[in-house]
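As structure tokens, the structure follows; a few thoughts come after it.
Below, chain A is the first sequence line, B the second, and so on; all start at residue 1.
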Amino acid sequence: MLRMSKLFLRTLRDDPSDAEVPSHRLLVRAGYIRRAAPGGFTWLPLGWMTYRKVEDIIRDEMNKAGFQEVHFPALLPREPYEATGRWTEYGPNLFRLKDRRDNDFLLAPTHEEMFTLIVRDLFSSYRDLPLSIYQIQTKYRDEARPRAGLLRGREFVMKDSYSFDVDDEGLESSYNRHREAYISTFDRLQLPYVIVSAMSGAMGGSASEEFLAPIDVGEDTFVQCTSCGYAANTEAVNVAVSKPTDAVHPDALVVDTPDTPTIDTLVSHLNSAADTQQPDHQWASEDTLKNVLLNLVHPDGRIEPLAIGIPGNREVDLKRVEAQVAPAEPIPFTDADFAAHPTLIKGYIGPKAVGVDSPSGIRYLVDPRVVHGTAWVTGANSPGHHVINLVCGRDFTPDGTIEAAEVLEGDPCSNCGSAMTIARGIEIGHIFQLGRKYATALDLKVLDAEGQQITVTMGSYGIGVSRAVAAIAESHHDENGLCWPRAVAPADIHLVIAGKDDGPQRPAAETLAAELEAAGVAVLFDDREGVSPGVKFKDAELIGIPTIVIVGRGITDGLVEVKDRLTGERSDLPIGEVTAHLLALVQAP
RNA sequence: CGGGCUGUAGCGCAGCUUGGUUAGCGCGCUUGUCUGGGGGACAAGAGGUCGCGAGUUCGAAUCUCGCCAGCCCGACCA
């Protein structure tokens with residue numbers, strides 16, 4: 001039993017000024033967590049109990065699925081990460097430090113290397129596989145900008161699993177077992193989620209999905225099809241592509257378009273100038289082909305310029321580009337870059353100035369909607385001039401396609417063509433098939449049935465444990481405070497004495513509390529003296545235990561009040577029946 | 001890493017423009033009395049390196065410079 005008279009807790013009447021998102025605000029106000037470092041939080045008793053409930057559910061589901069728990073150090077030597085290249089590739093987000101003999105160490109941001117190495121050390125036969133092992137561990141990332149409390153810290157807890165299989169079918173099966181385990185886990189945590197297609201990114205590999213809790217404060221943007229259920233992180237969306245057309249277009253024609261360096265100015269010029277006006281059709285921004293230049297910075301420092309052609313009604317989405325070109329990093333051209341490429345006229349760049357066979361030699365990739373037979377208005381590579389009716393495949397041929405254009409609300413689904421919606425989400429889980437990248441780099445092989453060495457294929461699966469606590473808070477609160485799902489609440493029942501300190505309420509509540517505890521119900525007992533009922537009620541709502549029991553003025557008639565935190569529904573029950581009633585509530589599935 | 005805002009008691013804030021006794025208010029905390037179903041009242045208290053460091057000045061919370069930290073937007077982010 002937790003007695004509030006003794007509990008290490010102080011609730012705050014005002015919102016902390018540095019907290020913006022609800023989970024951060026309420027967890028601090030209700031006395032669950034406290035900021036201790038940039039991006040680091042102390043868990044106070046109520047918070048730690050909730051955290052442990054979440055962790056236990058995750059652990060339980062992992063164990064049920066047959067995965068085995070291990071535990072690595074967070075402090076690791078440089079060598080394994082050197083072997084996979086991540087010591088440098090991980091960049092500034094890696095916490096690096098030195099010991100007294102000047103050896104390099106790091107605080108692990110994730111543990112692929114260590115898991116791979118330990119399996120290599122212990123196992124050497126296909127008969128040992130498949131294997132899935134996991135840990136629940138504190139991770140460190142030197143985030144440029146920790147924010148939103150627990151949602152993005154520099155120190156956080158993650159459950160990370162790794163699967164090891166001899167072939168692709170095995171990997172597929174391990175992947176699906178994790179997917180199922182994640183579904184059960186998030187269902188138990190009562191976290192709403194959408195499973196979206198994701199990029200496997202620099203990690204390599206193929207299949208990759210994210211579990212996103214659809215909450216506006218989330219940092220990921222995803223699309224969802226209103227009809228077929230397709231969902232994807234915007235980084236991973238494939239645009240719906242029209243078929244190549246056989247339409248016959250007039251010859252390409254260069255027209256004077258003075259002072260039209262932007263799509264807007266170009267479109268309004270086309271619609272007003274005598275030589276370009278069309279009787280039956282207003283020019284629109286989607287008729288234009290916008291050519292944007294980027295520099296790709298490769299991990300080895302090499303810089304490669306890249307030209308991207310997209311419909312003029314859209315912007316380039318750098319996140320999407322990065323997902324395509326990883327591990328290279330895309331950076332927009334600066335004025336200095338344009339100066340270094342005098343054949344590229346900013347605002348008037350056309351397909352003829354770019355492409356590997358052009359004078360510039362710059363690789364030219366276009367949006368997949370720019371297909372054979374489509375006609376475009378685009379730059380004529382001369383200030384104040386554009387060309388109309390420039391036909392892809394006839395007048396120019398790009399070097400390839402790239403998913404670079406921003407995704408807009410209402411865009412057609414690439415699967416079924418229906419309109420897609422866009423929403424934000426918190427990434428609460430990520431599962432993906434790593435393949436053989438780490439096994440190859442660290443030489444993880446086993447003998448197959450024929451006695452041949454084969455490289456193991458791996459999967460990697462993460463759940464942010466501390467982030468899950470915040471995500472639950474984000475999806476389970478109201479203006480008065482938290483409303484925990486029963487499975488993760490720090491106690492089952494919040495029992496409040498509402499009466500004079502020497503009134504009959506106290507002995508009745510004490511008896512009830514003892515009875516509940518004896519029946520196995522975890523009670524947070526507000527037995528504080530000299531605290532008015534109003535204060536206790538406010539605290540109870542802030543703290544958010546799902547059922548609040550009030551021993552108050554009804555006690556003279558032998559009644560206590562049972563209140564549902566979420567619905568506000570209340571009922572008076574004879575004190576003799578309360579324990580059975582609450583027990584049923586708590587044990588309800 | 002760029003732009004904007006901010007840093008004064010556990011929490012929320014005023015004071016800074018125009019430098020000047022002992023830095024103030026509300027909440028919270030301590031003691032007492034009253035109160036006792038929605039953060040109650042009165043009284044008396046405790047609690048501060050004014051983010052840190054230099055500088056200007058007879059004198060700096062206040063002015064200048066540098067740094068650090070926080071929040072928001074963007075960049076970044078298996």
Side-chain angles (χ1 to χ4, degrees), chain A residues 9-21 24-25 28-29 31 34-40 44 81 84 86 89-94 108-113 115 139 141-149 151-154 156 158 160 162 198-205 208 210 217 219-220 235 297 317-319 321-323 326-327 329-332 427 429-434 437-438 458-462 464 480-481 496-503 505-506 528-542 548 550-555 561 563 568 570:
Chain A
L9 170 74
R10 185 108 298 148
T11 58
L12 303 177
R13 185 189 293 252
D14 301 305
D15 284 333
S17 66
D18 61 349
E20 192 75 16
V21 302
H24 186 194
R25 232 176 51 223
V28 172
R29 258 193 75 194
R34 201 79 171 163
R35 199 187 81 92
L44 298 171
Y81 287 76
T84 54
R86 289 210 298 175
E89 268 178 34
Y90 214 94
N93 268 32
L94 189 64
T110 172
H111 280 77
E112 279 81 1
E113 284 82 355
F115 273 84
K139 309 283 186 185
R141 292 183 195 171
D142 191 357
E143 295 285 350
R145 187 183 155 210
R147 65 177 142 183
L151 286 174
R152 175 166 297 279
R154 302 161 98 191
F156 56 97
M158 177 184 283
D160 50 331
Y162 303 85
M199 296 299 294
S200 34
M203 304 299 298
S208 170
E210 287 169 344
V217 302
E219 296 179 283
D220 286 85
E235 292 171 9
V297 182
D317 183 334
L318 274 181
K319 283 192 176 188
V321 174
E322 187 177 7
E329 184 191 355
I331 295 176
E427 182 184 350
H430 194 170
I431 53 178
F432 65 91
Q433 302 186 9
L434 278 179
K437 170 175 171 167
Y438 289 88
M458 295 169 55
S460 153
Y461 318 90
N480 294 316
V496 174
I497 301 175
K500 294 190 180 186
D501 290 338
D502 55 357
Q505 288 84 4
R506 176 164 297 268
R528 290 175 293 178
E529 297 192 356
V531 177
S532 73
V535 172
K536 291 182 176 181
F537 297 155
K538 287 287 184 193
D539 274 345
E541 277 162 4
L542 229 199
I548 300 165
I550 301 154
V551 179
R553 55 192 174 196
I555 198 65
E561 185 177 323
K563 182 178 171 185
R570 44 176 89 192

Among [options], which is the nearest nucleotide to the side chain of [X]?
X: D501(A); options: rC72(B), rG36(B), rC77(B); result: rG36(B)
X: M158(A); options: rA78(B), rC11(B), rC73(B); result: rA78(B)
X: R141(A); options: rA78(B), rG36(B), rC72(B); result: rA78(B)
X: K500(A); options: rG36(B), rC72(B), rG37(B); result: rG36(B)

Partner lookup for [N], please. Criteria are Watson-Crick or G-U wobble with both distances under 3.5 angstrom; report none if nothing qualifies.
N: rA9(B); answer: none
N: rA75(B); answer: none
N: rG48(B); answer: none
N: rA60(B); answer: none
N: rG19(B); answer: none
N: rU33(B); answer: rA41(B)

Query raised in the report: What heavy-atom pair brings Y81(A) and T110(A) nearest, and what distance separates the two atoms?
Result: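 The answer is OH-O, 2.6 Å.
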In whole angstrom, what separates [X]'s [atom1] from [N]'s [atom2]?
X: L151(A); N: rC71(B); atom1: CG; atom2: P; answer: 12 Å
X: R35(A); N: rG51(B); atom1: CZ; atom2: P; answer: 15 Å
X: I431(A); N: rA78(B); atom1: CD1; atom2: P; answer: 18 Å
X: E219(A); N: rA78(B); atom1: CD; atom2: C1'; answer: 15 Å
X: D18(A); N: rC5(B); atom1: CG; atom2: C1'; answer: 14 Å
X: D14(A); N: rC27(B); atom1: CG; atom2: P; answer: 11 Å
X: D317(A); N: rG74(B); atom1: CG; atom2: P; answer: 12 Å
X: R29(A); N: rG12(B); atom1: CZ; atom2: P; answer: 12 Å

Query raised in the report: Got E210(A) and E427(A) here, is their nearest side-chain heavy-atom distance under 4.5 Å?
Result: yes
Query - Side-chain touch V551(A)/V496(A), heavy atoms, less than 4.5 angstrom - result: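 In short, these two side chains do not touch, never coming nearer than 4.5 Å.
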Students often get this wrong, so: under 4.0 angstrom with heavy atoms, is [X] touching a base, only sugar-phosphate, or nothing?
X: V531(A); result: base
X: K563(A); result: base
X: L94(A); result: nothing
X: R10(A); result: sugar-phosphate
X: T110(A); result: base
X: D539(A); result: base
X: E561(A); result: base

Requested in this report: Would you give the length of the straight line joining atom OG of S460(A) to atom NE2 of H430(A), rounded to the nearest 0.5 angstrom?
Outcome: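 Taking OG in S460(A) and NE2 in H430(A), the distance rounds to 8.0 Å.
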Report task. First locate atom CG of D220(A), then atom CD of E235(A), and finally report the distance between them rounded to the nearest 0.5 Å. Result ->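 Between atom CG of D220(A) and atom CD of E235(A) there are 7.0 Å.
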Query raised in the report: Is any side-chain nitrogen or oxygen of S17(A) closer than 4.0 Å to OP1 or OP2 of rC13(B)?
Result: yes
Report task. Report yes if a side-chain nitrogen or oxygen of S532(A) is closer than 4.0 Å to either non-bridging phosphate oxygen (OP1 or OP2) of rG40(B); otherwise report no. Result -> no
What's the gap between [N] and [M] when it is taken at their [atom1] atoms, as a whole Å value?
N: rC11(B); M: rU56(B); atom1: P; answer: 34 Å
N: rA9(B); M: rG53(B); atom1: C1'; answer: 23 Å
N: rG3(B); M: rA46(B); atom1: P; answer: 46 Å
N: rA41(B); M: rG59(B); atom1: C1'; answer: 44 Å
N: rG7(B); M: rG12(B); atom1: C1'; answer: 14 Å
N: rA54(B); M: rA23(B); atom1: C1'; answer: 24 Å
N: rG20(B); M: rG28(B); atom1: C1'; answer: 33 Å
N: rA44(B); M: rG26(B); atom1: P; answer: 12 Å

Report task. Take L9(A) and L44(A) through the side-chain contact (heavy atoms from CB on, under 4.5 Å) test and state the conclusion after the steps. Result -> CA-CA 8 Å; L9(A) 170 74; L44(A) 298 171; over 6 Å; no
Requested in this report: Could you check K139(A) against D160(A) for salt bridge (charged side-chain N to carboxylate O under 4.0 Å, His left out), going step by step and ending with a plain yes or no?
Outcome: CA-CA 10 Å; K139(A) 309 283 186 185; D160(A) 50 331; 2.8 Å; yes
Query raised in the report: Is the side chain of R152(A) donor-acceptor paired with the backbone N or O of R147(A) at a distance under 3.5 Å, no angle test?
Result: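 A pair under 3.5 Å: no.
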Requested in this report: Please figure out whether G149(A) or R34(A) has its closest RNA chain B nucleotide nearer the 5' end.
Outcome: R34(A)
Report task. Select from G534(A) and R152(A) the residue whose nearest nucleotide in RNA chain B is closer to the 5' end of that strand. Result -> G534(A)
